[in-house]
4 protein chains.
Amino acid sequence: MGRTQGQEALTGTDERNAARLSARRAQILDAATSVFADLGYHGSRMDDIVRASGLSKGAIYWYFKSKEEIAVELVRQLLHGEEEALASEERAEQDPGARLSAMADDFARSLWENPARAPLALELLSLGQRIPAIKQHFTDYHATYIAALSGLLRAASGGNAPEREITAGALALAAMVDGWALHEALIASPSGRREGLGEAVAILVKGLRSRS
Amino acid sequence: MGRTQGQEALTGTDERNAARLSARRAQILDAATSVFADLGYHGSRMDDIVRASGLSKGAIYWYFKSKEEIAVELVRQLLHGEEEALASEERAEQDPGARLSAMADDFARSLWENPARAPLALELLSLGQRIPAIKQHFTDYHATYIAALSGLLRAASGGNAPEREITAGALALAAMVDGWALHEALIASPSGRREGLGEAVAILVKGLRSRS
Amino acid sequence: MGRTQGQEALTGTDERNAARLSARRAQILDAATSVFADLGYHGSRMDDIVRASGLSKGAIYWYFKSKEEIAVELVRQLLHGEEEALASEERAEQDPGARLSAMADDFARSLWENPARAPLALELLSLGQRIPAIKQHFTDYHATYIAALSGLLRAASGGNAPEREITAGALALAAMVDGWALHEALIASPSGRREGLGEAVAILVKGLRSRS
Amino acid sequence: MGRTQGQEALTGTDERNAARLSARRAQILDAATSVFADLGYHGSRMDDIVRASGLSKGAIYWYFKSKEEIAVELVRQLLHGEEEALASEERAEQDPGARLSAMADDFARSLWENPARAPLALELLSLGQRIPAIKQHFTDYHATYIAALSGLLRAASGGNAPEREITAGALALAAMVDGWALHEALIASPSGRREGLGEAVAILVKGLRSRS
DNA sequence: GATGAATGAGAGTTCATTCAT
DNA sequence: TATGAATGAACTCTCATTCAT
């Protein structure tokens with residue numbers, strides 16, 4: 001029992017440490033999110049993150065090796081979140097076409113509700129050009145996303161669409177969704193765009209269903 | 001006569017000056033294009049552009065107010081080129097669906113033939129978040145592009161598609177094309193993507209044509 | 001008796017404490033020796049010493065007030081070791097000339113056997129310029145060393161050398177020995193230098209003995 | 001003639017540029033000399049050199065790649081100066097023994113007249129442990145110095161000293177001189193040391209001359 | 001028009017030291 | 001005693017921009 005207690009105590013300490021560690025990292029990541037969103041990656045100085053996080057400069061560097069590592073982690077979390085949303089959508093019991101619409105609507109709503117999200121994502125993802133770890137994260141995520149879309153499209157097409165058309169459709173859908181967000185971030189005052197995405201997805205699905 | 005000669009001489013001088021001016025600007029812009037493509041905007045120093053252009057630092061600043069102004073001009077030229085391609089496509093006498101396919105194919109081919117183009121465009125366009133002039137250029141271009149696509153879609157649909165669906169379709173097409181380029185730039189080794197875009201556009205057009 | 005026991009216990013505790021204290025200090029000093037030898041004083045971080053010592057950062061600072069204090073103590077021990085070697089040499093019953101040769105040979109051998117010693121000593125001793133305690137340690141040691149050398153030279157000269165020549169000889173000997181080590185540390189690949197020092201000392205001694 | 005003038009003009013410009021370049025470098029080197037002498041290499045910040053030089057930080061880095069490069073150049077000049085002194089001493093028409101004495105006296109006088117010189121030299125030379133270029137400079141210089149001393153000793157010994165004794169003597173002389181400077185730098189208050197060096201050299205030379 | 005030396009306000013990162021636990 | 005997370009002042013070096021020539 002003494003041993004068990006010892007173990008518990010040890011585990012307790014470890015757990016508390018792990019909890020503090022991730023709390024601190026989250027604290028820094030949150031600060032970085034809002035700073036990067038405001039100023040952009042290159043426009044943000046470490047001091048801005050220091051100020052926003054309420055920690056000291058040394059603490060930031062205790063938890064992250066560099067500014068770049070913060071950006072990489074932010075991208076990882078961003079894409080991880082998307083993958084989770086994707087997974088929960090996939091699990092839902094609905095007909096595939098409806099699920100695709102729901103996914104598009106969810107995405108459009110998240111763009112709408114969090115207008116800073118698309119610009120931040122664009123900012124971070126563009127870093128992928130010079131930061132291999134970011135490019136890799138996106139590449140992996142994209143593959144997962146395409147696989148999921150392909151599955152839904154295959155189901156939605158009633159099984160009678162040729163595989164290459166399904167792949168093309170999945171790539172098209174993914175491009176459309178990300179391109180939509182890109183435009184959201186890049187256009188001065190996007191308007192009348194709110195419901196568009198769901199509709200656009202519907203059109204694409206219709207095109208896939210209809211035999212030529 | 002003296003006046004005329006004077007004017008002619010002056011005009012001659014002006015023309016020569018104007019020619020030199022745009023030759024120099026082009027020289028700088030070319031250098032900046034390759035430097036930005038290699039190193040990214042933030043990774044490039046003015047000295048890199050100086051070296052690549054074969055001019056002096058003072059000369060660069062004689063022709064451009066700042067590094068930012070170079071980027072803005074590069075974006076302007078990039079989008080101007082796209083608009084011209086668009087206009088020439090529109091003028092072509094073909095059926096609208098074929099024209100859309102041709103546009104998509106041209107775009108896909110240009111991505112294929114010039115693999116540095118999409119990354120560079122992404123790099124420059126993301127600057128739009130902090131450089132209003134770039135955002136404005138893109139916003140204007142986008143409006144033009146959507147207008148053209150709407151026209152083609154309206155014609156392609158035989159005039160019996162509701163206007164809001166046409167708008168949604170145009171936005172979807174534009175998003176898809178730019179999203180395609182975005183993925184081209186962001187994915188480690190894009191493969192089997194070459195013909196996809198034309199096909200994807202075809203699917204979308206089919207979806208627009210078919211009545212539910 | 002209770003008191004006595006208490007005292008004994010206390011003494012026992014004290015002794016154990018003192019033993020642990022010096023063990024810990026030695027542990028730290030050993031670590032610092034190898035770290036400083038590898039990286040130099042300014043190139044070494046406290047974390048390097050922490051890692052090399054196997055202790056925690058707090059422990060290092062429990063036993064030493066600062067990085068500087070570690071360097072000072074290292075110098076103290078280094079010079080203390082030299083003084084002890086000197087003392088044991090002096091005690092030896094031999095003729096003075098032979099003792100000088102023996103000292104030189106010992107020194108040369110220690111340089112040979114421990115090639116990191118001269119560079120480390122140079123590194124630490126140069127700190128004397130900015131760390132008064134180190135300068136003082138060296139000054140004291142030097143005085144002792146000169147006194148010993150003078151004694152040996154006086155004896156070796158058969159008592160008929162003028163005192164000022166003896167002093168000059170002692171200073172010269174000391175300079176030569178330390179200069180030898182300096183060159184050992186500063187020359188890329190010292191070669192054919194192994195036996196040189198003994199010979200050099202012999203020449204100097206010969207010069208002192210011979211009447212002009 | 002026009003051509004000649006053009007050439008002259010060009011040469012004139014080049015010369016003026018070269019003159020300004022070395023004037024600036026000297027300005028920086030002078031500043032660094034006094035700053036390093038006061039604060040030591042590691043104790044000096046670039047800002048100190050900036051302030052002492054009267055130039056801007058950018059200018060320093062225009063003329064020197066790094067702080068380290070400044071130190072290397074300082075060492076190069078220091079040793080170059082020694083080599084020149086050596087060469088001029090060698091050329092002098094005197095008997096070799098007298099020349100050695102003169103060299104020792106000169107060295108002792110320069111230590112006496114410029115008390116900051118030995119500490120600075122020690123400071124810079126110790127950097128050789130971590131800066132290969134410095135180590136190389138010293139190694140080269142040392143070889144030259146040993147060669148010159150060997151020549152003088154060979155002449156002074158009347159040609160009847162064995163070569164290995166001459167080499168040992170040269171190494172001994174060099175070590176003694178540098179060790180002397182080392183002690184000058186490292187001892188709190190060197191006293192009665194002024195004439196010692198010349199005398200010490202004389203003893204050594206006497207030792208070399210006398211047959212055993 | 002053209003040159004390139006000069007400017008100087010930062011930028012990211014380091015690291016000796018402290019202190020709550 | 002011992003730990004290691006936290007501090008923050010300093011540091012070297014960068015680079016867009018200017019301006020005397």
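Chain identifiers are assigned alphabetically (A, B, ...) following the order of the sequence lines, protein sequences preceding nucleic acid strands; residue numbering begins at 1 within each chain. The figures that follow rest on heavy atoms only: side chains count, while hydrogens, waters and symmetry mates do not. What you see is a predicted model; the values in this text were computed from it and never measured.
Checked options A:I70, A:I131, A:L125, A:L127; the residue passing with A:V75 is A:L125 (criterion: side chain to side chain contact (heavy atoms under 4.5 Å, CB included)). With respect to D:H137, the side chain to side chain contact (heavy atoms under 4.5 Å, CB included) criterion is satisfied by exactly one of D:L78, D:L124, D:V72: D:V72.
C:H42 places its NE2 atom 18 Å from the P atom of E:dT14, with the value rounded to the nearest Å. Atom-to-atom, CE of C:M46 to C1' of F:dG4 comes out at 14 Å; the value is rounded to the nearest Å. For the pair C:D47 CG and F:dT3 C1', the computed distance is 13 Å after rounding to whole Å. Rounded to whole Å, the distance from CG on B:L127 to P on F:dA16 is 13 Å. The distance between atom OH of B:Y63 and atom P of F:dA16, rounded to the nearest whole Å, is 21 Å. Between the C1' atom of F:dT14 and the CD1 atom of D:I60 lies a distance of 15 Å, rounded to the nearest Å. Between the C1' atom of E:dA11 and the CZ atom of A:R51 lies a distance of 14 Å, rounded to the nearest Å. Atom pair B:E69:CD and F:dT18:C1' shows a separation of 16 Å (rounding to whole Å applied).
When each of E:dT17, E:dA2, F:dT14 is scored by its nearest atom to the side-chain atoms of D:Y61, the top-ranked nucleotide is F:dT14. Considering only the side chain of B:S56, E:dA2 comes nearest among F:dT17, E:dA2, E:dA16. Taking the side chain of B:R24 as heavy atoms from C-beta on, and the options E:dA2, F:dT1, F:dA16, the nearest nucleotide is E:dA2. Candidate nucleotides F:dT12, E:dG1, E:dT7 were compared by shortest atom distance to the side chain of B:N17, and E:dG1 ranks first.
Base pairing annotation: E:dT13 forms a Watson-Crick or G-U wobble pair with F:dA10, both donor-acceptor distances under 3.5 Å. In this structure F:dA20 sits in a base pair with E:dT3, meeting the Watson-Crick or G-U test at under 3.5 Å.
Remark: C:R130 engages D:E123 in a salt bridge, criterion side-chain N to carboxylate O under 4.0 Å.
In this structure, D:E68 and C:L55 both approach DNA chain F, and ranking their closest nucleotides by distance from the 5' end singles out C:L55. Of the residues near DNA chain E, A:S44 and B:W62, the one whose nearest nucleotide (by heavy atom distance) lies more toward the 5' end is B:W62. Projected onto DNA chain E by closest heavy-atom contact, A:G43 and C:R45 fall at different nucleotides, the more 5' of which corresponds to A:G43. The residue among A:G54 and B:S66 whose nearest nucleotide of DNA chain F lies closer to the 5′ end is A:G54.
Between B:Y41 and B:F36, the two ring planes are perpendicular [angle over 60°; tilted spans 30° to 60°].
Remark: side-chain polar atoms of B:D48 are paired, donor with acceptor, to backbone N or O of B:R45 under 3.5 angstrom.
An OP1 or OP2 oxygen of F:dG4 is reached within less than 4.0 angstrom by no side-chain nitrogen or oxygen of A:R20.
One donor-acceptor pair, N or O on each side, does fall under 3.5 Å between the base of F:dT17 and the side chain of B:K57.
You'll find the side chain of C:L21 reaches within 4.5 Å of the side chain of C:R25, heavy atoms only.
The residue B:F64 sits apart from the nucleic acid: no heavy atom pair falls under 4.0 Å.
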